[in-house]
Amino acid sequence: MDLPLTVKPLPREHLPSATLAMARFLIGKTLVHESPEGMLSGRIVETEGYPPGDAASHAFRGKTNRNQTLFLGPGHCYVYFTYGSSFMVNVSSEEAGIGAGVLLRALEPLEGIEIMQRNRKNASVRDLTRGPGRLAQALQIDKRYDGVDLFAKGTLWLGTPARRTGRIATSIRIGITREVDRKRRFFEVGNPNVSGPRALSLS
DNA sequence: TATGCGATATTCT
DNA sequence: GAATATCGCATAG
């Protein structure tokens, strides 16, 4: 299965300049990893925005060794490890010097499904990239990619939509303990690869 | 289908 | 030393 011809690198200037606009914008776009084993790609179907001043953001308490990628300017890949088992993939989302990001929570697998299944033993196709930890494992994205510019020539990049994007809805975010009422989660309505409780993915 | 719980390691306090 | 932007398995309904 080849990458649809319509998928090309996304021009950096198409990125909205604010975090929540970017979180919505990224729904339907393509995440591509040209891994040593082959092409791995998926449609982004679920994101969460963590804008400046958000107490749930890793950048809220200022720059640290871990979160410095969030301060690099729009379009950099912030990867961190959590819960002793999972990597999380984010896109930095504000101008250089301001820490903010968009968490990529779920993909719809497009290309390299067999490789993804090898990476994630015992997972059904639906579960390959449904959830932030799962998508990172399926696409083999780890700490080595922290700081990568997703709009520069490289092996990890953002592409144009592979097909038309469905309706987008919002909800509160998942797995946080602060600013819990903010509706900063975005998802493609009805897509089976969207993660989280069913009740959060309706409307 | 829904809910609950333990595993696990890195970061920050 | 505590907390964590989660996952997968177990159990119950």
Side-chain angles (χ1 to χ4, degrees), chain A residues 18-27 31 42 44-72 74 76-94 98-109 116-148 150 169-188 190-202:
Chain A
T19 298
L20 297 180
M22 188 187 295
R24 176 181 287 271
F25 171 82
L26 288 176
I27 300 293
L31 179 65
I44 298 169
V45 298
E46 183 185 357
T47 63
E48 281 176 358
Y50 290 85
D54 188 328
S57 169
H58 280 193
F60 184 64
R61 290 183 190 78
K63 198 191 289 189
T64 66
N65 205 37
R66 172 171 70 156
N67 69 19
Q68 53 186 325
T69 299
L70 289 174
F71 294 80
L72 289 182
H76 290 80
C77 183
Y78 168 48
V79 181
Y80 68 90
F81 186 73
T82 192
Y83 289 114
S85 59
S86 304
F87 289 102
M88 302 285 132
V89 182
N90 303 250
V91 182
S92 61
S93 56
E94 298 283 340
I98 299 181
V102 174
L103 171 68
L104 304 185
R105 287 197 55 92
L107 305 177
E108 173 187 327
M116 294 183 197
Q117 284 176 315
R118 226 177 297 141
N119 296 339
R120 286 184 38 70
K121 201 166 160 262
N122 295 331
S124 64
V125 174
R126 181 174 176 244
D127 285 347
L128 278 181
T129 53
R130 187 168 62 92
R134 292 166 176 167
L135 79 85
Q137 187 182 23
L139 268 67
Q140 299 174 313
I141 300 171
D142 58 33
K143 201 85 176 95
R144 296 195 304 269
Y145 291 89
D146 183 36
V148 164
L150 295 170
T170 66
S171 81
I172 59 168
R173 295 172 291 184
I174 296 175
I176 56 171
T177 58
R178 291 193 265 231
E179 310 248 14
V180 293
D181 294 331
R182 307 280 189 192
K183 295 177 99 170
R184 292 172 176 173
R185 171 174 174 267
F186 299 83
F187 58 94
E188 184 179 52
N191 190 296
N193 292 283
V194 171
S195 78
R198 195 180 161 70
L200 277 190
S201 299
L202 304 175

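Chain letters run A, B, ... following the sequence lines, proteins first and then strands; every chain starts at 1. Computation of the quantities below employed the complete heavy-atom set of this structure, encompassing side-chain atoms and omitting hydrogens, waters and symmetry-equivalent molecules.
Cation-pi check for A:Arg173 over A:Tyr50 is met; the charged atom lies under 6.0 angstrom from the ring centroid and within 45 degrees of its normal.
Residue whose closest nucleotide on DNA chain B sits further toward the 5' end, between A:Tyr83 and A:Lys143: A:Tyr83. Place A:Arg120 and A:Arg66 on DNA chain C by their nearest nucleotides, and A:Arg66 ends up nearer the 5' end. The residue among A:Arg61 and A:Gly84 whose nearest nucleotide of DNA chain B is located toward the 5' end is A:Gly84.
Although no hydrogens or angles enter the test, the distance criterion places no donor-acceptor pair under 3.5 Å between the side chain of A:Arg134 and the main chain of A:Ala123. Looking only at distances, a side-chain donor or acceptor of A:Arg120 sits under 3.5 Å from a matching main-chain atom of A:Leu128. Between the side chain of A:Arg66 and the backbone N or O of A:Tyr80, no donor-acceptor pair lies under 3.5 Å. Put simply, the side chain of A:Asn67 gets close to the backbone of A:His58: a donor and an acceptor are under 3.5 Å apart.
Under the Watson-Crick or G-U wobble criterion, with both distances below 3.5 Å, C:dG1 is paired with B:dC12. Here C:dA10 sits opposite B:dT3 as a Watson-Crick or G-U wobble pair (both hydrogen-bonding atom distances under 3.5 Å).
For C:dA5, neither phosphate oxygen OP1 nor OP2 lies less than 4.0 angstrom from any side-chain nitrogen or oxygen of A:Arg184. Phosphate proximity of C:dT6 to A:Arg105: present, with a side-chain N or O under 4.0 Å from OP1 or OP2. Put simply, A:Arg134 has a side-chain N or O that comes within less than 4.0 Å of OP1 or OP2 on C:dG8. The side chain of A:Thr177 places no N or O atom within less than 4.0 Å of a non-bridging phosphate oxygen (OP1 or OP2) of C:dA3.
Taking atom OH of residue A:Tyr78 and atom C1' of nucleotide B:dT10, one finds them 11 Å apart after rounding to whole Å. The CZ atom of A:Phe81 sits 19 Å away from the P atom of C:dA3 (whole-angstrom rounding). For the pair A:Leu20 CG and C:dA5 P, the computed distance is 18 Å after rounding to whole Å. Distance, A:Phe187 CZ to C:dA5 C1': 17 Å, rounded to whole Å. The separation between A:Gln137 atom CD and C:dC7 atom C1' is 9 Å, rounded to whole Å. Here the C1' atom of nucleotide B:dT1 and the CG atom of A:Leu202 are 14 Å apart, to the nearest Å. Here B:dT13 presents its P atom at 10 Å from CG of A:Asn67, a figure rounded to the nearest Å. Nucleotide B:dT10 holds its C1' atom 13 Å from the CG atom of A:Asp146, rounded to whole Å.
With distances taken from any side-chain atom of A:Arg198 to the nucleotides C:dT4, B:dT10, B:dA2, the minimum falls on B:dA2. Side chain of A:Ser86, nearest nucleotide from C:dA5, C:dC7, B:dT11: C:dC7. Nearest nucleotide to the side chain of A:Thr64, out of C:dC7, B:dT10, B:dC12: B:dC12.
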> Given A:Ser201 and A:Arg185, is the side-chain hydrogen bond (donor to acceptor under 3.5 Å, both in side chains) satisfied, shown in steps?
Replying inline: CA-CA 10 Å; A:Ser201 299; A:Arg185 171 174 174 267; 2.9 Å; yes
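In this structure, the aromatic ring of A:Tyr50 is positioned over the six-membered ring of the base of C:dA5, centres within 5.5 Å and planes within 30°.
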